Amino acid sequence: MVEELGEQSERPLSITDQLTSEYNTVFNNKDLIEPDTIVDEDRIVGRDEQLNRVINIIKPALHGDQPEDMLLRGPSGTGKTLIAGTVATKAIKIGASRDVQMEFVEVNGKHKKSEHEAIHQITHAFERELDLEYTSKTGVSTSSRYDRLFDIVDEYLDFGIVILDELDLLVGDSRNKDEPPAFSDILYKLSRAKRIGKMDSSFTLIVTTNSPNSLMSGLNSRTDSTFNPTEVSFADYNANELREILSHRRDAFYEDALDDDVIPYVAAVAAQGEGDARFAIDLLREAGNIANRREMQTVHKSHVEEAKNQVEKNYVVDVIENVSFQKQVSLFAAAVVNLYGQTELGRSDYLTEMSAPATVAHTLYNWITDHEDIEQRSKHSFLRWMRELDTYEVIELNRKGRGNEMGVFAEYIFHNLSAEAMVETLADKDKRFANVLEDEELLKSVVQTNLKNF
DNA sequence: ACTCCACTGGAAATGAAGGCAG
DNA sequence: CTGCCTTCATTTCCAGTGGAGT
């Protein structure tokens, strides 16, 4: 606690000076283009049909009837979560004015590892919304987590809305193939609780997914018979819709802070990719940030061009920051090998430049963990983590051969975020990484010796 | 087609953390 | 406090895989 205060370093300008200096921004209301903002209904574009359907499905809740569960399907950034969240928020407001106690919570399957964790998160979110005392996560069976959840809904709510975002990603422990994925159990237990009438009150499930097929085929037969959602499809936005979406959020910026061609350009760039509205909005915001940093009054097309890189980088940085410490160490080791090993890497025929061979990266992992007194895990774990980071597209993993009867090896390539940026990001985040970098010459020679011996 | 070897991937085992009952 | 239980991360064991040169 006390340590946090001790970190102040000397600054050229006093804090007061800096805080009171002229504030230059192109943003009038930045909230409008923050990722998680739930916007007014009139800012929702090109999704009239979906909006109507979701509204009609939720509506019975306001009259004491049980709404259908919903499955919102479509690629990412097509407004699924936005619409679910917006309608839920509105419904809660209306409910409150009619003395119907409602609440909604949202969990994203992407960030959850297991059934237990997901249920805990839902329970925890309700506890927070309702100002209840938090109950602990570990040391308690999953089924008692469910019970706590049902108790809360029963006791404090007339109706709950649970949004399960990107649920197909919540596969849980994939060790046993015969076991259904985690989301199957979650859906089964939640929808069963309603049907069986465990509670006086009830809730509805809104599931969103990019790949409805893998979701529905992952359900086992029990779940299948209890979970029968109404499906609503969402398609990619086209450039026109993206343009309109962005125009509706134009007032995030000051009147003349946007060049005329900025919004069409952002829309075109985003439509070229995936038709992902989130990406479009991130891009617009980042372009604004860049203009601000340059202390310019207006955002230009060229800022968007620059922002493109930044946004893609941010996605990777976001992943590395949310990954466990051991995985960060592994990544750091691989990045260091890549960064300091260039000369050696270029020398060999079977090594790609800008890569790091797994074996050497692992040796460095061991070296770093020794050096910084970090707990050391097995090679197997190291390899698994790196594979995992490959599936997150943080790095690219290639399998290569070493030549005659020398076997194959894996090499890690840094595409989306350069090894240098990766090392910097991590060194920024944790002192121990920065420590390792201090002795640059030593580190360099360790890397190169190991590459030579490889 | 074969060989070598580092990696892969599944399954089972182990160990740690932490709440709960007695 | 002790023994027990659940979940989760990691380790251990083991049977493949596959790149590339012969």
Side-chain angles (χ1 to χ4, degrees), chain A residues 107 109-124 127 132-152 169-186 188-189 218 322-331 333-334 337-338 341 345 348-352 355-366 368-370 374-392 394-413 450-454:
Chain A
V107 228
K110 195 152 92 190
H111 307 310
K112 295 288 154 276
K113 297 183 204 86
S114 62
E115 175 188 5
H116 186 85
E117 224 186 304
I119 294 307
H120 176 256
Q121 165 97 53
I122 295 173
T123 311
H124 195 271
E127 285 169 345
L132 304 177
E133 208 178 315
Y134 292 163
T135 45
S136 85
K137 168 176 149 187
T138 50
V140 111
S141 70
T142 302
S143 68
S144 45
R145 293 276 71 203
Y146 277 105
D147 289 341
R148 168 70 176 161
L149 173 60
F150 299 147
D151 285 349
I152 290 176
L169 297 179
L170 188 73
V171 286
D173 196 344
S174 54
R175 283 178 299 189
N176 193 342
K177 266 194 158 173
D178 301 331
E179 285 288 304
F183 60 72
S184 178
D185 284 339
I186 293 177
Y188 174 68
K189 287 175 191 158
N322 286 305
V323 103
S324 74
F325 182 64
Q326 282 289 338
K327 288 174 196 165
Q328 291 175 357
V329 180
S330 311
L331 190 57
V337 171
N338 183 310
L345 289 168
S348 163
D349 353 326
Y350 51 78
L351 284 174
T352 318
S355 78
T359 316
V360 179
H362 175 248
T363 316
L364 254 288
Y365 164 83
N366 282 342
I368 291 169
T369 46
D370 285 343
I374 297 164
E375 279 188 72
Q376 198 171 97
R377 298 276 171 271
S378 70
K379 183 169 192 185
H380 203 123
S381 295
F382 175 87
L383 294 168
R384 278 198 213 276
W385 296 328
M386 294 308 283
R387 253 177 289 156
E388 187 184 327
L389 290 166
D390 168 53
T391 63
Y392 295 160
V394 171
I395 55 168
E396 184 190 321
L397 192 157
N398 269 333
R399 289 163 60 72
K400 300 201 112 193
R402 286 210 276 175
N404 185 25
E405 303 189 343
M406 297 292 278
V408 291
F409 68 100
E411 67 173 14
Y412 308 127
I413 302 181
N450 276 299
L451 276 173
K452 261 181 212 147
N453 295 339
F454 175 60

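Proteins get letters first, then strands, A, B, ... in listed order; numbering begins at 1 in each. Since the model is a prediction, treat every value here as computed from it, not as a measurement.
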J.: Scan A:H380, A:E388, A:M386 and name whichever one has a side-chain contact (heavy atoms from CB on, under 4.5 Å) with A:R384.
T.: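 Single pass found, and it is A:H380.
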J.: Answer yes or no: is there a side-chain heavy-atom contact under 4.5 Å between A:L451 and A:P357?
T.: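 A:L451 reaches A:P357 side chain to side chain.
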J.: Salt bridge check, A:E127 against A:R148: does any charged N sit closer than 4.0 Å to a carboxylate O?
T.: yes
J.: Once you round it to whole Å, what is the distance between P of C:dA9 and CD of A:E115?
T.: 14 Å
J.: Given side-chain contact (heavy atoms from CB on, under 4.5 Å), test A:N366 with A:K379 step by step and report yes or no.
T.: CA-CA 9 Å; A:N366 282 342; A:K379 183 169 192 185; over 6 Å; no
J.: Scan nucleotides 1-6 of chain B against the protein and return all N/O pairs shorter than 3.5 Å with their distances rounded to 0.1 Å.
T.:
| unit_1 | atom_1 | unit_2 | atom_2 | d |
| --- | --- | --- | --- | --- |
| B:dA6 | O4' | A:V408 | O | 2.8 |

J.: Please name all residues satisfying ring-ring contact (aromatic ring centres under 6.0 Å, His included) with A:F382, sequence neighbours left out, ordered by chain then number.
T.: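 Applying ring-ring contact (aromatic ring centres under 6.0 Å, His included) to A:F382 gives A:H362, A:Y365.
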J.: Please give, in whole Å, the distance from C:dT10 P to A:F382 CZ?
T.: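 My rounded result for the distance is 14 Å.
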J.: Can you name the residues that form a side chain to side chain contact (heavy atoms under 4.5 Å, CB included) with A:E375, not counting sequence neighbours?
T.: A:Q326, A:R377
J.: Identify, with sequence neighbours excluded, every residue that meets side-chain hydrogen bond (donor to acceptor under 3.5 Å, both in side chains) alongside A:T363.
T.: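 Once residues adjacent in sequence are excluded, A:T363 has no partner under the side-chain hydrogen bond (donor to acceptor under 3.5 Å, both in side chains) criterion.
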J.: Taking atom P of B:dG9 as reference, at what distance in whole Å does atom CD of A:E388 sit?
T.: 12 Å
J.: Applying side chain to side chain contact (heavy atoms under 4.5 Å, CB included), name anything that partners A:V323, two or more places apart in sequence or on another chain.
T.: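 Expected list: A:K327, A:Q328, A:L389, A:Y392.
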J.: Whole angstrom is fine here: how far is it from CG in A:D390 over to C1' in B:dT8?
T.: 13 Å
J.: Would you say A:T142 places a side-chain N or O within less than 4.0 Å of OP1 or OP2 belonging to C:dT7?
T.: yes
J.: Is A:W385 near enough to C:dT10 that one of its side-chain N or O atoms lies under 4.0 angstrom from OP1 or OP2?
T.: yes
J.: For A:R377 and B:dA16, what is the distance between atoms CZ and P respectively, to the nearest whole Å?
T.: 11 Å
J.: To the nearest Å, give me how far apart CG (A:L383) and P (B:dC7) are.
T.: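 Distance, rounded to whole Å: 6 Å.
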J.: Which part of the nucleic acid does A:H380 contact within heavy-atom distance under 4.0 Å: base, sugar-phosphate only, or nothing?
T.: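 Here A:H380 touches the bases of the nucleic acid.
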J.: Which whole-number value in Å describes the distance from A:R384 CZ to B:dC7 P?
T.: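 Nearest whole value for this atom pair: 14 Å.
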J.: Should A:R387 be listed as having a side-chain N or O under 4.0 Å from OP1 or OP2 of B:dG9?
T.: yes
J.: Measure CE/A:M386 against P/B:dC7 and give the value in whole Å, please.
T.: 12 Å
J.: Between the protein and nucleotides 17-20 of chain B, list every N/O to N/O distance that falls short of 3.5 Å.
T.:
| unit_1 | atom_1 | unit_2 | atom_2 | d |
| --- | --- | --- | --- | --- |
| B:dG19 | O4' | A:G139 | O | 3.1 |

J.: How would you label the contact of A:I119 with the nucleic acid (heavy atoms, under 4.0 Å): base, sugar-phosphate, or nothing?
T.: nothing
J.: Kindly say whether A:D147 contributes a backbone atom to a donor-acceptor pair with the side chain of A:S144 at under 3.5 angstrom?
T.: no
